[in-house]
Protein chains: 2
Amino acid sequence: MASADGGPATIETIARRAGVSIASVSRVLNGLGGRPDTVRKVQAAATELGYVPNAMARSLRGGRSGQIAFAMEDIGNPVYVAMVRRIQAVAKEAGYRLLLHSTGADREEELRALRSLADRHTEGLIISPIRITRDHLDELSRAVAPVVVIGSLPEGVRLDNVRVDSRVGAAMAVAHLVGIGRRRIGFLNGPLDTVPGQARYKGYLDGLATAGLGGEELVESGQFQTDSGAEAAKRLLARVPDLDGLFCANDLIAVGALRALREAGRRVPDDVAVVGMDDTELARVTWPTLTSVGLGSARRGELAAELLVDRLGEGRDREPRWVSVTPELVARESTRS
Amino acid sequence: MASADGGPATIETIARRAGVSIASVSRVLNGLGGRPDTVRKVQAAATELGYVPNAMARSLRGGRSGQIAFAMEDIGNPVYVAMVRRIQAVAKEAGYRLLLHSTGADREEELRALRSLADRHTEGLIISPIRITRDHLDELSRAVAPVVVIGSLPEGVRLDNVRVDSRVGAAMAVAHLVGIGRRRIGFLNGPLDTVPGQARYKGYLDGLATAGLGGEELVESGQFQTDSGAEAAKRLLARVPDLDGLFCANDLIAVGALRALREAGRRVPDDVAVVGMDDTELARVTWPTLTSVGLGSARRGELAAELLVDRLGEGRDREPRWVSVTPELVARESTRS
DNA sequence: TTGTAAGCGTTATCAC
DNA sequence: GTGATAACGCTTACAA
């Protein structure tokens, strides 16, 4: 039962129909009372006309759009689905709608998402960039609306931030492999010029050093993706035939590695034990199931959402807060001796 | 270099700074010319103030927000990542930003997404509902902005629509299993009260009938999800110990079934051959890799986006268009004899 | 309780 | 070319 006459119903249409002023319509529609009679007439008219408030006009006036956004790198990476689920729950709870941007690891797209804060479509943004450039920091510092960053930020950046020490997590992975007797432990990394790529590489070295296995670095780098992981695994196997342990910088890479190992005729975990990172749903789906270092993605999403919601309300002027989450290794078949 | 004084810069701030009128500012900023001198002054002021147009005000006036949305059921289902990728590409090409809603199979959320069209945040919507209720159709018919539905619609609904005959696809799956000599062919379905659940069930029956295998229906239903698939597989195995073929209504279910079969000590494909549906990235990741009936999800996303973009521009008043995509079976290890 | 009117930041239509 | 000014749909003093 949409309005027949030109365009959707506005408060003015309703006002005419109900024989009251637009102010009364606005008040009734916002639950600010009025004479029972008035209320009834307005509500009737609104329903008949199928009225929906024009959110543009509303937020132009009041400054609220009721929307927050999450910008992730790749919608295809399951680590983000855990985050999104929790962010969405918290956002909904607080009365915000969640919009998702998939930036595709495209720096320009990320910057665009940041700048778009200024256009008032969203009141705040959670962003999880894998590279943090000078441009990012500039844009971040001039962002017009609150931003929460998931991921490690350089010292001194005054921004709400949820982090996890994936360097420690990587070292845990190596320690676990050492613990089951592996000595020739390789590492399949993502791009070295990313924040997680750096951290996980250092963690891998830490792990080797702790075990007294330093010296030779059995590392291949690629993208944080399955196919890239498979290729990297092939390269590493060719170079290091006696590999007996393999740490992968995320589960996607690990899945690719499992495929490559199978194709190369290596048994997992008997010949090569494998550890992934992120502990995504994928880890329970592969065969053998994948040991993986969880980085609390659901929890990080939740914390980030809470920080943002808080800053959008009560905590408008509080100091930036940095919270962190602890890595946790989940052992599964791929490292079972 | 954000404006120091209250709030972000507006055209008025710029006007004062440049010593011109707001009309001139607007013209310059929209590339409508002006005296070189004026242009220079305005641009300088805009840059210095870090001006970003207020999209709310702009679309309140002009009615364009430059955004379209895609509402999917579950961000965790990889069938949607293929869709999203293509939709995003087409949208970007046409100058739209893509917003994602994950409705969580929640009917209310879906309806909310539809209604939210009226609030002018998005100019159009692509929606892929798995249930189509009376309420959906009502809401769809009164939608204030263009909607494209991915999925089968009842006859007579006047809406742009991209479909795929998954009934035929399901029959193809059964035929394939029959073709490799399987006779006791089970079916793990999603909820029967969904559109895909219905279609795939009928296709399964078609396939059995064609092969002269009618009579007994070896069917278990659950959700379109991994864990649910694993449980359904267990139930079916308990009931039908001599099962030798298994068709799963989507890849998520199939992944769960593979796990259950492994735990039950059945070899795939030797003891039980398995076929999934949707041909998602998961199918290449499992072991054995999964034969799956592709439903052209990337292509469907692309077509839907093209329909929407067209209707938002040239095709404003054209007749609703129904386009369809053909299922295609991709054979992999899980049915290799 | 209700209505009038100002204002949110734009764009577009006028005169000048 | 440029500058007032109206309009988009809404919320909210303020006045009646």
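Heavy atoms only: backbone and side chains are in, while hydrogens, waters and symmetry mates are out. Lettering of chains follows the sequences in order, A, B, ..., and the numbering in each one begins at 1. Note that this is a predicted model, so its numbers are computed, not measured.
OP1 or OP2 of dT11(D) sits under 4.0 Å from a side-chain N or O of R58(A). The phosphate of dT2(D) (OP1 or OP2) has a side-chain N or O of R35(B) nearer than 4.0 angstrom. Here S26(A) does not reach the OP1 or OP2 of dC10(D): none of its side-chain N or O atoms lies under 4.0 Å away. In terms of phosphate contacts, N30(B) brings a side-chain nitrogen or oxygen within less than 4.0 Å of OP1 or OP2 of dT11(C). Phosphate proximity of dA4(D) to S21(B): absent, as no side-chain N or O sits under 4.0 Å from OP1 or OP2.
Rounded to whole Å, atom P of dT10(C) lies 15 Å from atom CG of L32(B). Between the CE atom of M56(A) and the P atom of dC10(D) there is a distance of 13 Å, rounded to whole Å. Here the P atom of nucleotide dT2(C) and the NZ atom of K41(A) are 8 Å apart, to the nearest Å. Taking atom CD1 on I11(B) and atom P on dA12(C), their separation rounds to 12 Å, with Å as the unit. Distance CD (E12(A)) to P (dG9(D)): 8 Å, rounded to an integer number of Å.
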Check step by step if side chain to side chain contact (heavy atoms under 4.5 Å, CB included) holds for H136(B) and T133(B).
CA-CA 5 Å; H136(B) 277 94; T133(B) 65; 2.9 Å; yes
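Each of V52(A) and G19(B) lies near DNA chain D, and the nucleotide nearest G19(B) is the one positioned closer to the 5' end.
Across all strands shown, T10(A) has heavy atoms under 4.0 Å from sugar-phosphate atoms exclusively, and none from any base. In this structure, T38(A) reaches the sugar-phosphate backbone alone: every heavy-atom distance under 4.0 Å involves primed, P, OP1 or OP2 atoms, never a base.
Nearest heavy-atom pair, Q67(A) versus H121(A), reported as atom, atom and distance to 0.1 Å: NE2-O, 3.4 Å.
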